[in-house]
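Down below is the structure, laid out as structure tokens.
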Amino acid sequence: MIRILTASTENIDDTDAAINDIKTQLDMDNKLLKNTVGIIACHYEFANADTVKAVCGALPFDVCGTISPMQGLNDVSANLLLTLMVLTSDDISFKSVLTPPLRGPFPPGAETSAAGIIEKTYAASAQADRKPCLVFVYAPFMPENSGDEYVNVLTRVSGGAPCFGTLAVDDTIDFRECYLLYNGDKYRDRMAMILVYGDLNPRFFLATISKDKFFDKPALITSSQGHILKEVNGRPVTEYFESMGLTKASETSYAMTSLPFMVDYNDGTPPVSKVFISLNENKHAICAGAMPRGSTLYIGVFDKDDVLLTSRKAVQEALKGLSNSSGILIYSCISRNMSLGSELFAEIKLVQKEIGDKLPFLMAYSGGEICPTLIKQSSAKDGTAINRFHNNTFILCIL
């Protein structure tokens, strides 16, 4: 059995008031069980003002999470907000882990790749004789590292445990405040994990864009290197953009935000959304995720109506079976929010309306989403799931 509590504060500069808000709402003396961990999301102003450090220092359990420009709980949503979800249980245990830096220069004798560092950190922290029932994953966005690499190594070392989490995103122009948060400290170069052990069967749901929003010009990825897309259909990627009328748009990342790349790995899983970042000096497309050779590439188009439609469908599907469920954790890509125009809170308000008071939830915006994807099925209630790194995606975990 797991119990889920939520709390929030809008007090940035008054740390005593922020601590009082969180403690009062959590009622820890009466509600905490034997094992507890916290998941946090907040605007970067809370981290820069040391409010996060003060709040986490006042809590008797580990807290992991990321910066996010907007968050919401059942009864509150705002930009300048700190939200906290607490997982507590007598029979389910939690182990929080922080990696060393995932970018160089590395000290002599240290692992020299992000994957190697993650693997070594996991191996030193995990229970050798038990597979986690869930791994929460949190990291800042680092252009030199691939979110797919994070997911692949964690899937391998954990024996295929489901992974769910987010990369940080903020609302600055250059994303300079994208921090991982771990026990009150902020990092730009590390990953945090929460390893969950016990009899817990989380369910996962996700939404990208509707199929009728795909442009009718699929292409085969014929040359790539990790997250660098070089050729499609045997020709330079810029020629593909030209054929789609996207030559000017591809010159700026902002213009491509509403045009997600949908990548079909041709392995029975639904297409995975990836974000175009920029063209490099070789006119290759730098993407925020792996673009494997042999995959089929589609370009889609985001709009407000489809964002709300697909999110509503995912939430409604998730709410069909809530027996023995305790709470919901949700991350939505910041690109979905950008498609909402002036109605920045429309997606959060939709979630609040659909969930109501059925279960406590926390929703935050993301710079990259980590969630299992089912083979030939719409949810992870049963069947075979594969951990994936997503962009432009709304992900939901029912605990």
Looking at [X] and [Y], what are the two nearest heavy atoms and their distance?
| X | Y | result |
| --- | --- | --- |
| A290 | Y265 | O-OH, 4.1 Å |
| Q25 | A7 | OE1-CA, 3.2 Å |
| A318 | L396 | CB-CD2, 3.7 Å |
| C64 | S96 | SG-CB, 3.9 Å |
| S295 | V263 | CB-CG1, 3.7 Å |
| I117 | P100 | CG2-CD, 3.7 Å |

Start with the C-alpha gap between N30 and D27, add the side-chain angles, then the distance that decides, and say whether side-chain hydrogen bond (donor to acceptor under 3.5 Å, both in side chains) holds.
CA-CA 6 Å; N30 296 312; D27 189 16; 2.9 Å; yes
Mind running side-chain contact (heavy atoms from CB on, under 4.5 Å) on I39 and V63 for me, showing each step along the way?
CA-CA 6 Å; I39 294 173; V63 179; over 6 Å; no
Between [X] and [Y], is there a shared hydrophobic cluster once you connect ILVMFWY residues whose side-chain heavy atoms come closer than 4.5 Å?
| X | Y | answer |
| --- | --- | --- |
| V232 | V272 | yes |
| F94 | L84 | no |
| L98 | L59 | no |
| L26 | L399 | no |
| I370 | L154 | yes |

Check whether any side-chain heavy atom of F164 lies under 4.5 Å from a side-chain heavy atom of V135, and answer yes or no.
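In short, these two side chains do not touch, never coming nearer than 4.5 Å.
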Counting C-beta onward and ignoring hydrogens, is there a side-chain heavy-atom pair between I209 and F214 closer than 4.5 Å?
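With C-beta onward as the side chain, the pair touches.
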Look only at the side chain of [X] and the backbone of [Y], and say whether a donor-acceptor pair between them is shorter than 3.5 Å.
| X | Y | answer |
| --- | --- | --- |
| T99 | M191 | yes |
| K186 | Y182 | no |
| T222 | G234 | yes |
| D14 | A17 | yes |
| S273 | N391 | yes |
| Q352 | L73 | yes |
| Y197 | Q127 | yes |
| N145 | R103 | no |
| T155 | V151 | yes |
| S243 | Y240 | yes |

Salt-bridge present ([X], [Y]; N to O < 4.0 Å):
| X | Y | value |
| --- | --- | --- |
| D90 | R3 | no |
| R388 | E369 | no |
| K95 | D62 | no |

Pairwise distance [atom1]([X]) to [atom2]([Y]) - rounded to 0.5 angstrom:
| X | Y | atom1 | atom2 | result |
| --- | --- | --- | --- | --- |
| K23 | N20 | NZ | CG | 9.0 Å |
| C163 | F204 | SG | CZ | 8.5 Å |
| I398 | R203 | CD1 | CZ | 4.0 Å |
| Y150 | N387 | OH | CG | 16.0 Å |
| R188 | F175 | CZ | CZ | 10.5 Å |

Looking at [options], which hits side-chain hydrogen bond (donor to acceptor under 3.5 Å, both in side chains) with [X]?
| X | options | answer |
| --- | --- | --- |
| T9 | T83, D21, T24 | D21 |
| H43 | D171, D170, T51 | D171 |
| D148 | H227, K274, H390 | K274 |

Is the number of heavy atoms from other residues, nucleotides or ligands within 6.0 Å of [atom1] ([X]) greater than 12?
| X | atom1 | answer |
| --- | --- | --- |
| E343 | CD | no |
| D199 | CG | no |
| D91 | CG | yes |
| K230 | NZ | yes |
| D357 | CG | no |
| R293 | CZ | no |
| K213 | NZ | yes |

Checking side-chain contact (heavy atoms from CB on, under 4.5 Å) for the pair L181/I67: CA distance, chi angles, key distance, verdict?
CA-CA 7 Å; L181 303 174; I67 294 301; 4.1 Å; yes
For a side-chain contact (heavy atoms from CB on, under 4.5 Å) check, start with the C-alpha distance between L362 and I330, then their side-chain angles and the critical distance, and finish with the verdict.
CA-CA 6 Å; L362 185 155; I330 302 170; over 6 Å; no
Answer yes if the side chains of [X] and [Y] hold a donor-acceptor pair under 3.5 Å, and no otherwise.
| X | Y | answer |
| --- | --- | --- |
| Y365 | E347 | yes |
| Y179 | E177 | yes |
| N35 | S89 | no |

Can T88 and T36 be said to form a side-chain hydrogen bond (donor to acceptor under 3.5 Å, both in side chains), step by step?
CA-CA 4 Å; T88 187; T36 304; 2.8 Å; yes
List the steps, then state whether ring-ring contact (aromatic ring centres under 6.0 Å, His included) holds for F276 with F241.
CA-CA 12 Å; F276 169 87; F241 290 156; 5.8 Å; yes
Decide side-chain hydrogen bond (donor to acceptor under 3.5 Å, both in side chains) for D306 and S210; before the verdict, give the C-alpha distance in whole Å, the side-chain angles of both, and the deciding distance to 0.1 Å.
CA-CA 7 Å; D306 196 58; S210 300; 2.5 Å; yes
Run the side-chain contact (heavy atoms from CB on, under 4.5 Å) test on I299 and F261 for me, step by step, so that the C-alpha distance in whole Å, both residues' side-chain angles and the decisive distance to 0.1 Å come before the verdict.
CA-CA 5 Å; I299 292 181; F261 288 4; 3.9 Å; yes
Parallel, tilted or perpendicular: rings of Y331 and Y138 (30°, 60°):
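Rings of Y138 and Y331: perpendicular, over 60°.
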Test side-chain hydrogen bond (donor to acceptor under 3.5 Å, both in side chains) applied to T393 and R336, step by step:
CA-CA 7 Å; T393 302; R336 296 176 70 85; over 6 Å; no
